[in-house]
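Worth knowing before you read on, the calculation uses all heavy atoms, side chains too, and leaves out hydrogens, waters and symmetry mates. One is the number of the first residue; the rest follow in order along the sequence. Atoms within each ligand, like the ligands themselves, are counted from 1 in listed order.
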Amino acid sequence: MNEPISYRFEYTSPISVAFIGAGGHSYRNVYPSLQYAPVDLRAVCDLDADRAAAYARTFGASRHYTDHRQMLARERPAAVFIVTGYRQDGRVQATELAMDCLRAGAHVWMEKPTAASSAEIRELMTVSEQSSRFVMTGLKKIFAPAMEKVHAIIHSERFGGATSINLRYPQQLPEPGLRHDLNAMRGFLDHIYHPAAILNYLMGPIERFGFEWEPVSGGSIASLRFSSGAVGTLHLAAGAAATSPLERVEVIGSGENVVLENGVKLTYYRRSDLGEYGRTGSFLADDSAAPLHWEPEFSLGQLYNKNLFYLGYVPEILHFCDCVLRQQPPSKGTLRDSLAIMRLFEAYQRAPSGTTVTLPRDDENDRREAVDNDQR
Ligand SMILES: NC(=O)c1ccc[n+]([C@@H]2O[C@H](COP(=O)([O-])OP(=O)(O)OC[C@H]3O[C@@H](n4cnc5c(N)ncnc54)[C@H](O)[C@@H]3O)[C@@H](O)[C@H]2O)c1
(Lines give C-alpha, C1' and ligand atoms only; values in the text may rest on other atoms or scores of the structure.)
Protein backbone atom coordinates (compact mmCIF):
# COMPACT_ATOMS: atom_id res chain seq x y z
CA MET A 1 0.00 0.00 0.00
CA ASN A 2 2.89 2.34 0.69
CA GLU A 3 5.13 1.47 -2.24
CA PRO A 4 7.10 4.58 -3.25
CA ILE A 5 5.53 6.36 -6.23
CA SER A 6 7.71 7.10 -9.26
CA TYR A 7 7.29 10.14 -11.46
CA ARG A 8 6.54 9.52 -15.13
CA PHE A 9 9.95 10.71 -16.41
CA GLU A 10 11.75 8.32 -14.07
CA TYR A 11 10.45 5.16 -15.76
CA THR A 12 12.98 3.69 -18.17
CA SER A 13 10.71 1.51 -20.36
CA PRO A 14 7.37 3.31 -20.64
CA ILE A 15 4.36 1.87 -22.46
CA SER A 16 3.41 3.62 -25.70
CA VAL A 17 -0.11 4.89 -25.14
CA ALA A 18 -2.76 6.96 -26.89
CA PHE A 19 -5.78 8.72 -25.40
CA ILE A 20 -9.30 9.06 -26.80
CA GLY A 21 -11.32 11.92 -25.31
CA ALA A 22 -10.40 15.45 -24.34
CA GLY A 23 -13.21 16.36 -21.97
CA GLY A 24 -13.72 17.75 -18.47
CA HIS A 25 -13.21 14.71 -16.24
CA SER A 26 -10.22 13.50 -18.20
CA TYR A 27 -8.60 16.97 -17.93
CA ARG A 28 -9.14 17.14 -14.18
CA ASN A 29 -8.35 13.58 -13.19
CA VAL A 30 -7.15 11.12 -15.79
CA TYR A 31 -4.47 12.94 -17.83
CA PRO A 32 -2.95 14.36 -14.59
CA SER A 33 -2.76 10.83 -13.13
CA LEU A 34 -0.46 9.86 -15.99
CA GLN A 35 2.22 11.98 -14.26
CA TYR A 36 2.86 8.96 -12.04
CA ALA A 37 2.50 6.16 -14.59
CA PRO A 38 5.02 4.35 -16.84
CA VAL A 39 3.57 5.74 -20.06
CA ASP A 40 4.78 7.53 -23.14
CA LEU A 41 1.71 9.49 -24.26
CA ARG A 42 2.12 9.51 -28.04
CA ALA A 43 -1.16 11.00 -29.22
CA VAL A 44 -4.53 12.43 -28.19
CA CYS A 45 -7.74 12.06 -30.18
CA ASP A 46 -10.95 14.05 -29.87
CA LEU A 47 -13.72 14.84 -32.35
CA ASP A 48 -12.91 18.49 -31.58
CA ALA A 49 -9.51 19.14 -33.17
CA ASP A 50 -8.77 22.24 -31.08
CA ARG A 51 -9.31 20.37 -27.83
CA ALA A 52 -7.25 17.42 -29.05
CA ALA A 53 -4.41 19.81 -29.93
CA ALA A 54 -4.67 21.68 -26.61
CA TYR A 55 -4.61 18.44 -24.57
CA ALA A 56 -1.68 17.09 -26.60
CA ARG A 57 0.26 20.29 -25.85
CA THR A 58 -0.74 20.38 -22.19
CA PHE A 59 -0.07 16.74 -21.38
CA GLY A 60 3.00 16.15 -23.53
CA ALA A 61 1.81 14.20 -26.59
CA SER A 62 3.46 15.03 -29.90
CA ARG A 63 0.47 14.34 -32.16
CA HIS A 64 -3.27 14.76 -32.15
CA TYR A 65 -6.13 13.32 -34.20
CA THR A 66 -9.87 13.61 -34.73
CA ASP A 67 -10.30 10.06 -36.03
CA HIS A 68 -9.42 7.29 -33.57
CA ARG A 69 -9.04 4.67 -36.32
CA GLN A 70 -6.43 6.81 -38.04
CA MET A 71 -4.65 7.30 -34.72
CA LEU A 72 -4.64 3.56 -34.00
CA ALA A 73 -3.32 2.73 -37.48
CA ARG A 74 -0.56 5.34 -37.41
CA GLU A 75 0.54 5.18 -33.78
CA ARG A 76 0.09 1.44 -33.09
CA PRO A 77 -0.10 2.08 -29.31
CA ALA A 78 0.32 -0.81 -26.87
CA ALA A 79 -2.52 0.62 -24.79
CA VAL A 80 -5.27 3.20 -25.14
CA PHE A 81 -7.06 5.27 -22.49
CA ILE A 82 -10.68 6.10 -23.33
CA VAL A 83 -12.69 8.79 -21.54
CA THR A 84 -15.67 9.77 -23.66
CA GLY A 85 -19.41 10.30 -23.08
CA TYR A 86 -22.80 9.04 -24.24
CA ARG A 87 -24.40 8.50 -27.64
CA GLN A 88 -27.70 10.12 -28.60
CA ASP A 89 -29.50 6.85 -27.85
CA GLY A 90 -28.06 6.84 -24.32
CA ARG A 91 -25.55 4.07 -24.98
CA VAL A 92 -21.92 4.45 -23.96
CA GLN A 93 -19.56 5.84 -26.63
CA ALA A 94 -16.54 4.06 -25.16
CA THR A 95 -17.93 0.53 -25.64
CA GLU A 96 -17.43 0.46 -29.40
CA LEU A 97 -14.26 2.56 -29.22
CA ALA A 98 -12.82 -0.08 -26.89
CA MET A 99 -13.63 -2.83 -29.40
CA ASP A 100 -11.84 -0.89 -32.15
CA CYS A 101 -8.79 -0.52 -29.91
CA LEU A 102 -8.76 -4.24 -29.03
CA ARG A 103 -9.01 -5.17 -32.72
CA ALA A 104 -6.10 -2.79 -33.42
CA GLY A 105 -4.00 -4.76 -30.92
CA ALA A 106 -4.12 -2.36 -27.95
CA HIS A 107 -5.02 -3.05 -24.34
CA VAL A 108 -7.75 -0.72 -23.09
CA TRP A 109 -8.25 1.33 -19.95
CA MET A 110 -11.66 2.95 -20.04
CA GLU A 111 -13.70 5.08 -17.71
CA LYS A 112 -16.88 3.64 -16.32
CA PRO A 113 -19.54 2.90 -17.47
CA THR A 114 -18.09 0.10 -19.57
CA ALA A 115 -21.39 -0.34 -21.41
CA ALA A 116 -25.14 0.08 -21.01
CA SER A 117 -26.07 -3.63 -20.87
CA SER A 118 -24.65 -6.99 -19.85
CA ALA A 119 -24.99 -8.16 -23.48
CA GLU A 120 -22.51 -5.46 -24.55
CA ILE A 121 -20.10 -6.51 -21.80
CA ARG A 122 -20.25 -10.06 -23.11
CA GLU A 123 -19.49 -8.73 -26.61
CA LEU A 124 -16.46 -6.92 -25.22
CA MET A 125 -15.38 -10.14 -23.52
CA THR A 126 -15.54 -11.97 -26.84
CA VAL A 127 -13.52 -9.33 -28.70
CA SER A 128 -11.03 -9.20 -25.85
CA GLU A 129 -10.57 -12.96 -26.01
CA GLN A 130 -10.27 -12.98 -29.81
CA SER A 131 -7.66 -10.21 -29.80
CA SER A 132 -5.72 -11.44 -26.74
CA ARG A 133 -5.91 -7.94 -25.33
CA PHE A 134 -7.65 -6.93 -22.12
CA VAL A 135 -10.03 -4.20 -21.03
CA MET A 136 -9.88 -2.62 -17.62
CA THR A 137 -12.54 -0.20 -16.39
CA GLY A 138 -11.62 2.62 -14.05
CA LEU A 139 -13.52 1.51 -10.96
CA LYS A 140 -11.81 4.10 -8.78
CA LYS A 141 -13.75 3.23 -5.62
CA ILE A 142 -12.14 -0.19 -5.33
CA PHE A 143 -8.67 1.28 -5.79
CA ALA A 144 -9.11 3.99 -3.14
CA PRO A 145 -6.53 3.17 -0.47
CA ALA A 146 -9.09 3.28 2.38
CA MET A 147 -11.41 0.88 0.51
CA GLU A 148 -8.51 -1.49 -0.11
CA LYS A 149 -7.90 -1.38 3.64
CA VAL A 150 -11.56 -2.26 4.31
CA HIS A 151 -11.13 -5.22 1.95
CA ALA A 152 -8.00 -6.35 3.78
CA ILE A 153 -9.68 -6.03 7.18
CA ILE A 154 -12.83 -7.95 6.26
CA HIS A 155 -10.82 -10.74 4.66
CA SER A 156 -8.55 -11.12 7.69
CA GLU A 157 -9.02 -14.21 9.81
CA ARG A 158 -9.88 -12.28 12.98
CA PHE A 159 -12.81 -10.48 11.28
CA GLY A 160 -14.56 -13.84 10.96
CA GLY A 161 -15.95 -13.28 7.45
CA ALA A 162 -18.20 -10.45 6.28
CA THR A 163 -21.73 -11.24 7.44
CA SER A 164 -23.50 -8.02 6.40
CA ILE A 165 -22.90 -4.67 4.72
CA ASN A 166 -24.66 -1.32 4.68
CA LEU A 167 -23.76 1.09 1.89
CA ARG A 168 -25.13 4.60 1.41
CA TYR A 169 -24.67 6.52 -1.83
CA PRO A 170 -26.86 9.39 -3.10
CA GLN A 171 -28.46 8.47 -6.40
CA GLN A 172 -31.90 9.09 -7.87
CA LEU A 173 -33.74 6.30 -9.70
CA PRO A 174 -36.28 7.41 -12.35
CA GLU A 175 -39.93 6.39 -12.18
CA PRO A 176 -40.78 2.81 -13.27
CA GLY A 177 -41.97 3.71 -16.80
CA LEU A 178 -38.59 5.30 -17.65
CA ARG A 179 -36.26 2.58 -16.41
CA HIS A 180 -35.67 1.10 -19.87
CA ASP A 181 -35.04 4.53 -21.41
CA LEU A 182 -31.26 4.85 -21.40
CA ASN A 183 -31.38 8.63 -21.67
CA ALA A 184 -33.61 8.87 -18.59
CA MET A 185 -31.34 6.33 -16.87
CA ARG A 186 -28.09 8.07 -17.83
CA GLY A 187 -27.35 9.43 -14.35
CA PHE A 188 -28.24 6.11 -12.75
CA LEU A 189 -26.03 4.14 -15.16
CA ASP A 190 -23.21 6.65 -14.72
CA HIS A 191 -23.23 6.42 -10.93
CA ILE A 192 -24.40 2.90 -10.07
CA TYR A 193 -20.90 1.80 -11.10
CA HIS A 194 -19.53 3.33 -7.89
CA PRO A 195 -21.59 1.61 -5.16
CA ALA A 196 -22.01 -1.57 -7.22
CA ALA A 197 -18.24 -1.85 -7.68
CA ILE A 198 -17.81 -1.55 -3.91
CA LEU A 199 -20.44 -4.22 -3.17
CA ASN A 200 -18.92 -6.64 -5.67
CA TYR A 201 -15.38 -5.99 -4.45
CA LEU A 202 -16.10 -6.38 -0.77
CA MET A 203 -18.88 -8.98 -0.74
CA GLY A 204 -18.72 -10.87 -4.06
CA PRO A 205 -21.68 -11.52 -6.36
CA ILE A 206 -25.26 -10.65 -5.44
CA GLU A 207 -27.67 -13.56 -5.57
CA ARG A 208 -31.01 -12.04 -4.54
CA PHE A 209 -32.21 -8.46 -4.82
CA GLY A 210 -35.32 -6.44 -4.03
CA PHE A 211 -35.93 -2.76 -3.34
CA GLU A 212 -38.39 -0.08 -2.25
CA TRP A 213 -38.55 3.23 -4.13
CA GLU A 214 -39.64 6.68 -2.93
CA PRO A 215 -41.16 8.91 -5.68
CA VAL A 216 -40.46 12.42 -4.30
CA SER A 217 -36.68 12.12 -4.20
CA GLY A 218 -36.28 8.98 -6.34
CA GLY A 219 -34.35 7.45 -3.44
CA SER A 220 -34.44 3.74 -2.74
CA ILE A 221 -33.36 1.05 -0.33
CA ALA A 222 -32.38 -2.35 -1.67
CA SER A 223 -32.08 -5.54 0.28
CA LEU A 224 -29.33 -7.86 -0.91
CA ARG A 225 -28.31 -11.43 -0.38
CA PHE A 226 -24.86 -12.35 -1.62
CA SER A 227 -23.79 -15.75 -2.96
CA SER A 228 -21.54 -16.01 0.10
CA GLY A 229 -24.65 -16.07 2.34
CA ALA A 230 -23.98 -12.56 3.66
CA VAL A 231 -26.74 -9.93 3.50
CA GLY A 232 -26.76 -6.19 2.90
CA THR A 233 -28.57 -2.98 2.12
CA LEU A 234 -27.87 -0.41 -0.57
CA HIS A 235 -29.36 2.94 0.40
CA LEU A 236 -29.44 5.20 -2.67
CA ALA A 237 -29.95 8.39 -0.71
CA ALA A 238 -31.31 10.76 -3.37
CA GLY A 239 -32.46 13.99 -1.76
CA ALA A 240 -29.38 14.39 0.43
CA ALA A 241 -27.76 17.85 0.52
CA ALA A 242 -25.00 18.62 -1.97
CA THR A 243 -22.82 19.63 0.97
CA SER A 244 -23.16 16.24 2.64
CA PRO A 245 -20.50 13.54 2.38
CA LEU A 246 -21.69 11.10 -0.27
CA GLU A 247 -20.73 7.73 1.03
CA ARG A 248 -20.78 5.57 4.10
CA VAL A 249 -19.81 1.90 4.09
CA GLU A 250 -20.09 -0.41 7.08
CA VAL A 251 -19.22 -4.09 7.00
CA ILE A 252 -20.02 -6.37 9.93
CA GLY A 253 -18.09 -9.57 10.63
CA SER A 254 -18.33 -11.83 13.68
CA GLY A 255 -17.63 -9.67 16.72
CA GLU A 256 -15.95 -6.96 14.63
CA ASN A 257 -17.03 -4.23 12.22
CA VAL A 258 -15.44 -1.58 10.06
CA VAL A 259 -16.83 1.80 8.96
CA LEU A 260 -15.58 3.97 6.11
CA GLU A 261 -17.01 7.49 6.18
CA ASN A 262 -16.67 9.86 3.24
CA GLY A 263 -14.06 7.63 1.59
CA VAL A 264 -11.23 8.70 3.91
CA LYS A 265 -12.25 8.22 7.56
CA LEU A 266 -11.77 4.61 8.45
CA THR A 267 -12.59 3.05 11.83
CA TYR A 268 -12.00 -0.60 12.63
CA TYR A 269 -13.86 -1.80 15.72
CA ARG A 270 -11.97 -4.86 16.90
CA ARG A 271 -13.09 -7.80 18.95
CA SER A 272 -12.82 -6.86 22.62
CA ASP A 273 -14.13 -7.87 26.01
CA LEU A 274 -15.52 -5.00 28.08
CA GLY A 275 -16.23 -7.21 31.09
CA GLU A 276 -19.44 -8.23 32.76
CA TYR A 277 -22.63 -6.35 31.78
CA GLY A 278 -23.69 -4.01 34.56
CA ARG A 279 -20.31 -4.24 36.32
CA THR A 280 -18.05 -2.36 33.90
CA GLY A 281 -17.16 1.23 34.78
CA SER A 282 -15.08 2.13 31.71
CA PHE A 283 -15.81 1.98 28.00
CA LEU A 284 -12.09 2.01 27.23
CA ALA A 285 -11.03 -1.36 25.88
CA ASP A 286 -7.45 -2.56 26.24
CA ASP A 287 -5.07 -0.94 23.76
CA SER A 288 -4.63 -4.31 22.01
CA ALA A 289 -8.37 -4.45 21.23
CA ALA A 290 -9.28 -0.75 21.02
CA PRO A 291 -10.80 0.62 17.79
CA LEU A 292 -8.29 1.72 15.18
CA HIS A 293 -8.93 4.95 13.30
CA TRP A 294 -7.24 6.42 10.23
CA GLU A 295 -7.79 9.71 8.42
CA PRO A 296 -5.55 11.91 6.26
CA GLU A 297 -3.84 14.92 7.84
CA PHE A 298 -4.58 17.14 4.77
CA SER A 299 -1.77 19.57 5.60
CA LEU A 300 1.40 18.40 3.91
CA GLY A 301 2.16 18.49 0.20
CA GLN A 302 2.16 14.72 0.14
CA LEU A 303 0.85 12.61 -2.73
CA TYR A 304 -1.63 10.91 -0.38
CA ASN A 305 -3.31 14.29 0.17
CA LYS A 306 -4.11 14.61 -3.55
CA ASN A 307 -7.52 13.44 -4.75
CA LEU A 308 -5.73 11.67 -7.61
CA PHE A 309 -4.45 9.24 -4.97
CA TYR A 310 -7.09 9.00 -2.23
CA LEU A 311 -9.95 8.71 -4.74
CA GLY A 312 -8.13 5.83 -6.46
CA TYR A 313 -7.30 7.34 -9.87
CA VAL A 314 -3.52 6.87 -9.80
CA PRO A 315 -3.73 3.42 -8.15
CA GLU A 316 -6.14 2.14 -10.83
CA ILE A 317 -3.93 3.42 -13.64
CA LEU A 318 -0.84 1.92 -12.03
CA HIS A 319 -2.62 -1.44 -11.82
CA PHE A 320 -3.47 -1.22 -15.52
CA CYS A 321 0.08 -0.28 -16.51
CA ASP A 322 1.53 -3.03 -14.36
CA CYS A 323 -0.74 -5.55 -16.11
CA VAL A 324 0.31 -4.29 -19.56
CA LEU A 325 3.99 -4.51 -18.63
CA ARG A 326 3.60 -8.02 -17.19
CA GLN A 327 1.26 -9.08 -20.01
CA GLN A 328 -1.22 -10.27 -17.41
CA PRO A 329 -4.92 -9.47 -17.25
CA PRO A 330 -6.08 -7.15 -14.46
CA SER A 331 -7.43 -8.57 -11.22
CA LYS A 332 -9.65 -5.54 -10.49
CA GLY A 333 -11.74 -3.44 -12.84
CA THR A 334 -12.19 -6.53 -15.03
CA LEU A 335 -14.97 -7.15 -17.50
CA ARG A 336 -16.31 -9.71 -14.98
CA ASP A 337 -16.59 -6.87 -12.46
CA SER A 338 -18.44 -4.76 -15.05
CA LEU A 339 -20.76 -7.69 -15.77
CA ALA A 340 -21.65 -7.96 -12.07
CA ILE A 341 -22.38 -4.21 -12.01
CA MET A 342 -24.56 -4.40 -15.12
CA ARG A 343 -26.54 -7.26 -13.60
CA LEU A 344 -27.41 -5.06 -10.66
CA PHE A 345 -28.28 -2.18 -13.03
CA GLU A 346 -30.58 -4.47 -15.01
CA ALA A 347 -32.18 -5.76 -11.82
CA TYR A 348 -33.15 -2.15 -10.96
CA GLN A 349 -34.51 -1.81 -14.52
CA ARG A 350 -36.65 -4.93 -14.48
CA ALA A 351 -37.75 -5.55 -10.90
CA PRO A 352 -40.83 -3.61 -9.79
CA SER A 353 -40.22 -2.17 -6.32
CA GLY A 354 -41.51 -4.41 -3.58
CA THR A 355 -40.52 -7.61 -5.41
CA THR A 356 -37.48 -9.84 -5.18
CA VAL A 357 -35.46 -11.14 -8.13
CA THR A 358 -32.60 -13.60 -8.49
CA LEU A 359 -29.56 -12.34 -10.36
CA PRO A 360 -27.93 -14.50 -13.06
CA ARG A 361 -24.72 -16.28 -12.10
CA ASP A 362 -21.80 -17.63 -14.06
CA ASP A 363 -18.90 -20.00 -13.56
CA GLU A 364 -16.42 -17.28 -12.74
CA ASN A 365 -18.65 -15.93 -9.99
CA ASP A 366 -19.06 -19.44 -8.64
CA ARG A 367 -15.30 -19.82 -8.53
CA ARG A 368 -14.89 -16.50 -6.74
CA GLU A 369 -17.54 -17.50 -4.23
CA ALA A 370 -15.69 -20.73 -3.58
CA VAL A 371 -12.46 -18.79 -2.99
CA ASP A 372 -14.23 -16.37 -0.63
CA ASN A 373 -15.76 -19.25 1.30
CA ASP A 374 -12.38 -20.96 1.49
CA GLN A 375 -10.94 -17.81 3.05
CA ARG A 376 -13.45 -17.87 5.90
N1 LIG B 1 -14.64 7.94 -12.18
C2 LIG B 1 -14.99 9.17 -11.97
O3 LIG B 1 -14.79 9.73 -10.92
C4 LIG B 1 -15.68 9.95 -13.06
C5 LIG B 1 -16.03 11.30 -12.82
C6 LIG B 1 -16.62 12.00 -13.86
C7 LIG B 1 -16.86 11.37 -15.08
N8 LIG B 1 -16.51 10.06 -15.24
C9 LIG B 1 -16.76 9.38 -16.52
O10 LIG B 1 -15.98 10.05 -17.52
C11 LIG B 1 -16.72 10.09 -18.71
C12 LIG B 1 -16.91 11.54 -19.10
O13 LIG B 1 -15.65 12.18 -19.15
P14 LIG B 1 -15.49 13.72 -19.48
O15 LIG B 1 -16.11 14.55 -18.40
O16 LIG B 1 -14.07 13.96 -19.80
O17 LIG B 1 -16.45 13.80 -20.76
P18 LIG B 1 -16.83 15.02 -21.68
O19 LIG B 1 -18.22 14.81 -22.15
O20 LIG B 1 -16.43 16.32 -21.07
O21 LIG B 1 -15.82 14.77 -22.88
C22 LIG B 1 -15.91 13.64 -23.70
C23 LIG B 1 -15.03 13.93 -24.91
O24 LIG B 1 -14.99 12.74 -25.70
C25 LIG B 1 -14.98 13.16 -27.04
N26 LIG B 1 -15.39 12.04 -27.90
C27 LIG B 1 -16.59 11.43 -27.95
N28 LIG B 1 -16.59 10.47 -28.89
C29 LIG B 1 -15.36 10.49 -29.45
C30 LIG B 1 -14.73 9.77 -30.49
N31 LIG B 1 -15.38 8.81 -31.17
N32 LIG B 1 -13.46 10.05 -30.81
C33 LIG B 1 -12.80 11.01 -30.17
N34 LIG B 1 -13.33 11.75 -29.15
C35 LIG B 1 -14.59 11.49 -28.82
C36 LIG B 1 -15.93 14.34 -27.10
O37 LIG B 1 -15.68 15.14 -28.22
C38 LIG B 1 -15.60 15.06 -25.78
O39 LIG B 1 -14.62 16.05 -25.93
C40 LIG B 1 -18.02 9.36 -18.47
O41 LIG B 1 -17.85 8.03 -18.86
C42 LIG B 1 -18.19 9.48 -16.96
O43 LIG B 1 -18.92 8.41 -16.41
C44 LIG B 1 -15.93 9.35 -14.27
Is the shortest N/O to N/O distance between H25 and ligand 1 below 3.5 Å?
yes
If the condition is ring-ring contact (aromatic ring centres under 6.0 Å, His included), which residues does Y277 pass it with, not counting sequence neighbours?
none
I'd like to know if P113 contacts ligand 1, where contact means a heavy-atom distance under 4.0 Å to any ligand atom.
yes
So how far is it from S217 OG to Q171 CD, rounded to the nearest 0.5 Å?
11.0 Å
Do E207 and R225 meet the salt-bridge criterion of a basic N to acidic O distance under 4.0 Å?
yes
Would you check whether Y193 reaches within less than 4.0 Å of ligand 1, judged by its heavy atoms?
no
Run the ring-centre check on Y201 versus H151 and record whether the distance is less than 6.0 Å.
yes
Nearest non-hydrogen contact with atom 33 (C) of ligand 1 belongs to which option: L47, D48, L97?
L47
Would one find an N or O of G24, backbone or side chain, under 3.5 Å from an N or O of ligand 1?
yes
For ligand 1, note which part of A94 has a heavy atom under 4.0 Å away: side chain, backbone, both or neither.
neither
The option among N29, V30, T84 carrying the non-hydrogen atom nearest to atom 11 (C) of ligand 1 is T84
What atoms of ligand 1 come within less than 4.0 Å of a heavy atom belonging to G23?
16 (O), 18 (P), 20 (O), 21 (O)
Please round to the nearest 0.5 Å and tell me the distance separating atom CG of D46 and atom NE2 of H68.
12.5 Å
OH (Y269) and CG (L292) are apart, to the nearest 0.5 Å, by 11.0 Å
Could you grab the distance from atom CD1 of I5 to atom NZ of K306, nearest 0.5 Å is fine?
11.5 Å
Measuring to protein heavy atoms, does anything land under 4.0 Å from atom 19 (O) of ligand 1?
no
Closest to atom 38 (C) of ligand 1 among T114, T137, V92, D46 (heavy-atom distance)
D46
Output yes when the distance from some N or O of ligand 1 to some N or O of T66 is under 3.5 Å, and no in every other case.
no
Within 4.0 Å of some non-hydrogen atom of G21, the atoms of ligand 1 are 24 (O)
Pairs of nitrogen or oxygen atoms closer than 3.5 Å, one from E111 and one from ligand 1: do any exist?
yes
Nitrogen or oxygen atoms of Y86 and ligand 1 under 3.5 Å apart
no
Between side-chain atoms of residues 9-16 and protein atoms elsewhere (two or more places apart, or another chain), which donor-acceptor pairs fall under 3.5 Å?
from: E10; atom 1: OE1; to: Y7; atom 2: N; distance (Å): 2.9
from: Y11; atom 1: OH; to: Y36; atom 2: O; distance (Å): 3.4
from: S16; atom 1: OG; to: A78; atom 2: N; distance (Å): 3.2

Is the shortest N/O to N/O distance between S26 and ligand 1 below 3.5 Å?
yes
One finds that the ligand 1 atoms under 4.0 Å from a non-hydrogen atom of Q93 are 27 (C), 28 (N)
Check the orientation of F19 and F81. Use parallel for under 30°, tilted for 30 to 60°, and perpendicular for over 60°.
parallel
Please report whether ligand 1 has a polar contact with D190, defined as an N or O pair separated by less than 3.5 Å (distance criterion only).
yes
